[in-house]
Amino acid sequence: MSDLLAKLNTEQLQAVTLPPQHALILAGAGSGKTRVLTTRIAWLLSTGQCDPAAILAVTFTNKAAKEMHARLGALLPINTRGMWIGTFHGLCNRLLRAHHRDAGLPQLFQILDSADQLAAIKRLLKALNVDDEKFPPRELQHFINAQKEAGLRPAAVDVWDDYSRRRVELYQEYETQCQRESVVDFAELLLRTFELLERNEPVRRHYQRRFRHILVDEFQDTNRLQYRWLKLLAGGEPPACLFCVGDDDQSIYRFRGAEVGNMRDFEREFQVTGVIRLEQNYRSHGNILDAANAIIRNNSARLGKNLWTEAGAGEPIRIFEAFSDSDEARWVVDEIQQLVRDGALRADIALLYRSNAQSRVLEHALFSAGIPYRVYGGLRFFERQEIKHALAYLRLIANPDDDTAFARVVNFPTRGIGARSIEALQDAARTWSTSLYATVPHLGGKPGTVLAQFVRLIEELRRETARLPLPELVDHVLDRSTLRDHYKSEKEGRERLENLDELIAAAANFTAEAQAGAEALAADHALLADFLAHASLEAGEHQADQGMDAVQLMTVHAAKGLEFDAVFVSGLEEGLFPHENSILESEGLEEERRLMYVAVTRARQRLYLSFAQSRMLHGQTRCNLRSRFLEEIPAPLARWLTPPKPRGGPGGGYYEPPRGAFAPRAQPAAAQALPGGLRVGQLVRHARFGTGVIIAAEGSGSDARVQINFGDAGIKWLLLGVAKLEACA
DNA sequence: TACGGCATGCTTTTT
DNA sequence: GCATGCCGTA
C-alpha cells in the first residue's frame with residue numbers, strides 16, 4: 001500500500017486519500033488523472049473502507065473503462081469482480097437488462113447506434129408521409145436526442161406553433177415506433193435508466209445502498225441527464241461519495257450536449273469545499289505548457305488552473321507559414337523525415353488537424369514520400385456496411401420486430417423485393433400496428449411470395465441456430481443469408497469477406513470472455529443479444545494496423561487523452577481553427593480555444609504549429625488569416641521558421657523559401673491587393689448584410705468578386721464593381 | 001430493379 | 001474535392 005502512495009505528489013496524495021466526502025478534482029492535462037482515479041479505488045479497497053461491490057466507476061469511452069480495469073488489476077492482488085466499471089451507456093444497458101420488466105422493455109431489446117437511429121427516423125418520416133424538406137431527418141434526430149438529454153418525454157416538451165407541435169408529434173411517433181420494435185437509442189438508454197431509478201423506489205434504494213463510492217472520469221463531458229443520473233444514484237440515505245475528476249479547460253464536446261457547467265453545479269449543489277487542483281504536469285516541457293497556459297488564459301469563466309513542470313523549458317515551439325496547403329504538407333513531411341533521421345519513432349509523432357477534410361493533403365504528401373502513417377477516425381469495425389448487414393440478420397433472429405434490421409436486409413442480397421413491396425408492407429404494418437416482420441403473414445397470405453420466403457429464412461435461421469455456440473451461429477447465418485456468396489462475387493469483396501471472418505472471430509472472443517465471466521445463459525440466443533449490445537455500444541477499434549511504426553494522423557478531438565513526443569498542429573488559420581462556424585459566438589470561440597489547448601498539450605518535447613496562406617477548401621482556394629491562437633502564444637516561447645509578418649498585413653511580399661523546396665507554383669490569387677484597398681481577411685460593412693469578413697477573391701477588373709462571410713446573413717459572393725463595401729478598421 | 005449521372009452540401013462525434 | 005442522395009433510364 002505504501003508503495004502505491006509513495007509515487008504520488010502532494011495533491012495527488014491528497015485526492016487519493018480524501019475522507020469519504022464528495023470531491024471535485026481539477027486535473028490538468030498530463031497531471032496523472034487516471035492514476036489518481038485508479039489509486040483512489042485501490043486505496044479505498046486495500047484500506048478496507050469498502051468492498052469492491054460498493055464501487056461504481058463511470059467513464060465515457062470503452063477504452064478508458066478497459067484501461068481502468070487493467071490498471072486496477074495491476075495495482076491490486078484481489079480480484080476486482082463485483083466492481084462496476086464502465087461507460088454511462090454500458091452501465092445503463094446492464095441495469096436495463098437486469099430490470100427490463102420494471103423498465104418496460106423486453107429482455108432482448110436492441111440498441112440503435114446513431115446511424116441506426118437516423119435510419120429509423122427516415123423510415124418513420126416516409127411511413128407518415130412527412131415532407132423531409134420541412135423536417136430534415138438529421139435535425140429531427142438532434143431534436144429528439146436533445147429532448148431526451150433534457151429529460152423530456154414528448155408530453156413535457158413545450159410547443160408554441162404548428163411547427164413545434166408537429167415536431168413533438170414526430171418525437172412521440174418515434175418513441176412509439178421504438179417501443180413497438182423493442183429498440184432503444186443511446187439517449188434512451190440513459191433516460192430510461194434515469195426514470196427507472198427515479199420511479200422505482202426498491203430498485204433505486206437497492207443501488208443507492210450498494211454503491212458507496214461513485215467515481216466519474218472526464219466529468220467535464222457529462223451532459224445534463226448524466227449529471228442528474230449521478231445525482232440520483234448518489235442521493236441515497238446516507239448519500240454515496242461522488243468523486244469527480246475533470247478538466248473544464250478540456251471540455252470540447254459542448255456541441256454534443258456536454259455541459260461544463262456541471263462542474264460548477266456539482267461544486268455548489270454538493271457543497272464540495274476543497275476542490276483539489278492537479279497542476280503539476282508530467283508530460284510536456286515548460287515552453288509547451290507556458291504556451292498552453294497563455295492560450296487558455298484568454299477564456300473567461302474558467303475554474304482556474306495553471307500547469308507547471310519540473311522538466312526544463314525545452315525547445316521553442318516551431319511555427320511555420322506555408323504558401324499553400326500542399327506546401328504545408330511537404331514541409332511537415334520534411335520535418336518528419338528529419339525527426340526520423342534523428343532517431344524518432346514514427347509512432348511518437350502525431351499530425352493533428354481541426355477537421356477530417358484536412359487529412360487528404362497530408363496523407364498524399366506522406367504517401368508520396370513513402371512514410372508509413374495511420375489515420376484515426378473514419379469507419380469503425382462494427383460500422384462497416386458488411387458487418388451492419390450481418391448484424392441485421394442476427395438482430396432479426398434475436399428480435400424479429402426490429403424494423404430497422406428488417407428494412408436493411410430484406411432485399412440484401414437482392415432477392416427481388418423492391419421499393420414497391422416494401423412500401424405496401426410498411427403501409428400494412430401501420431394499419432395493423434405490427435412490425436414489418438409480423439405483418440408479412442397478413443399480407444395477401446400467399447406463402448410463395450418472396451417476402452414470405454424471407455420471413456421463412458429468418459425463422460429457419462432462428463431454429464437452426466438455437467443450440468449453436470455463438471461463433472458457429474454467426475458463421476451459419478453468413479452462409480444461409482448468402483451474404484458470403486454475395487461478397488464472393490463482388491469485385492471489391494475480398495476485404496469485406498475478411499471482415500466477415502473477423503466478425504466470427506469477434507463472436508468467439510466475446511463468447512470466451514462471457515464464459516470467463518460465468519454469466520448464466522438463461523434463454524436461447526441470450527448470448528447473441530449480449531453480443532449485439534456489445535456491437536452497438538462498442539463500435540470497435542478504429543481501423544489501424546497495430547504495432548506498425550507509423551505516423552499518427554487524427555483530429556484534435558480524437559487526440560484528447562493521448563500524448564506524443566512530437567506534435568504537428570496544421571491548418572492554424574482563421575475559419576479553420578478556430579472554425580468559422582464557431583467564430584461568431586463567444587461560447588463557440590472559447591470551445592475552439594479549449595480545443596487548441598488540448599492540441600498543444602498533447603506534445604511531450606516538440607510542438608510544431610503551421611498555417612498556409614492559401615488552402616483548397618470546399619473545392620475552392622481560400623486565403624485565410626493566420627489563427628488568432630498563434631497570436632496568443634508569447635513571442636519568447638516560439639521560434640518562427642519563416643519570417644513572421646504582421647498579421648493580415650498588406651500581402652507583405654514573398655520571402656525566399658528556406659530550402660528552395662517549397663517554391664510556390666503560382667501566386668495565391670487573393671494575396672494580391674484588391675481594388676479599393678481591400679484584402680482577404682479584412683472586415684467590411686455592407687448596407688444590407690451587415691458586417692462580414694472577406695474570405696476569398698477571384699477575377700479582376702470589372703469581374704473582380706469577393707466572397708464574404710456575413711455571419712448570420714451567410715456567405716455571399718459580391719461583385720466589387722457593384723456592391724458598396726465599406727472597410728472597417 | 002439496378003445502375004449511372006448530376007446536383008448538393010459540407011466541423012468536431014467518447015456512446 | 002469528395003461523398004452522399006436523388007432522379008432518370010435500360
Subject >> With R496(A), the side chain to side chain donor-acceptor pair (under 3.5 Å) member among H389(A), H486(A), E386(A) >> reply: E386(A)

Original post:
Would you say the side chains of T404(A) and R123(A) form a donor-acceptor pair under 3.5 Å?
Top reply: yes

Subject >> Atom P, compared across dT4(C) and dT13(B): separation rounded to whole Å >> reply: 16 Å

Original post:
Among Y376(A), Y253(A), Y353(A), which one satisfies ring pair (Phe, Tyr, Trp, His ring centres under 6.0 Å) with H557(A)?
Top reply: Y253(A)

Original post:
Does a side chain donor of either D247(A) or Q220(A) reach within less than 3.5 Å of an acceptor in the other side chain?
Top reply: no

**OP:** For E592(A), answer base if it contacts any base atom (sugar-phosphate contacts may also be present), sugar-phosphate if it contacts only those atoms, and nothing otherwise; contact means non-hydrogen atoms under 4.0 Å.
**Re:** base

Subject >> Integer-rounded Å distance: dT12(B) C1' and Y376(A) OH >> reply: 18 Å

**OP:** Send over the distance from I111(A) CD1 to dT14(B) C1', rounded to a whole Å.
**Re:** 16 Å

Subject >> Face-to-face contact H557(A) to dT12(B) six-ring, under 5.5 Å, under 30° >> reply: no

**OP:** Would you mind classifying the nucleic acid contact of S582(A) as base, sugar-phosphate or nothing, using non-hydrogen atoms under 4.0 angstrom?
**Re:** base

Subject >> Length of the line joining Q141(A):CD and dT15(B):P, which is rounded to integer Å >> reply: 16 Å

Subject >> Y253(A)-dT13(B) aromatic stacking (under 5.5 Å, under 30°) >> reply: no

**OP:** Answer with yes or no whether R256(A) presents, from its side chain, a donor or acceptor under 3.5 Å of a partner atom in the base of dT12(B).
**Re:** no

Original post:
Looking only at side-chain N and O atoms, does N356(A) come under 4.0 Å of OP1 or OP2 in dT13(B)?
Top reply: yes

Original post:
M554(A) has an atom CE; how far is it from atom P of dT13(B), in whole Å?
Top reply: 11 Å

Subject >> Euclidean distance, atom CG of residue N62(A) to atom C1' of dT15(B) [Å, nearest integer] >> reply: 8 Å

**OP:** Check the distance between dT11(B)'s P and R254(A)'s CZ and give it to me in whole angstrom.
**Re:** 17 Å

Original post:
Counting side-chain heavy atoms from C-beta on, which of dT14(B), dT13(B), dG5(C) comes nearest to K122(A)?
Top reply: dG5(C)

Original post:
Just how far, in rounded Å, is C1' of dC2(C) from CD of Q358(A)?
Top reply: 15 Å

Original post:
Between N93(A) (CG) and dT14(B) (C1'), how many Å, whole number?
Top reply: 17 Å

Original post:
Is the phosphate of dT12(B), meaning OP1 or OP2, less than 4.0 Å from a side-chain N or O of K560(A)?
Top reply: no

Original post:
Would you say a side-chain N or O of R354(A) is under 4.0 Å from OP1 or OP2 of dT13(B)?
Top reply: no

Original post:
Between N411(A) and H579(A), which is nearer to the 5' end of DNA chain B once each is assigned its nearest nucleotide?
Top reply: N411(A)

**OP:** Examine the side chains of Y597(A) and N298(A) and answer whether a donor and an acceptor come within less than 3.5 Å of each other.
**Re:** no

Subject >> dA2(B) OP1/OP2 closer than 4.0 Å to side-chain N/O of T414(A) >> reply: yes

Subject >> Toward the 5' end of DNA chain B, by each residue's nearest nucleotide, H618(A) or S536(A) >> reply: H618(A)

Subject >> T61(A) side-chain N/O to dT15(B) phosphate OP1/OP2 under 4.0 Å >> reply: no

Original post:
In terms of base orientation, is dT12(B) syn or anti, with the syn window spanning 90° either side of 0?
Top reply: anti

Original post:
Between F109(A) and H100(A), does the ring centroid distance fall short of 6.0 Å?
Top reply: no

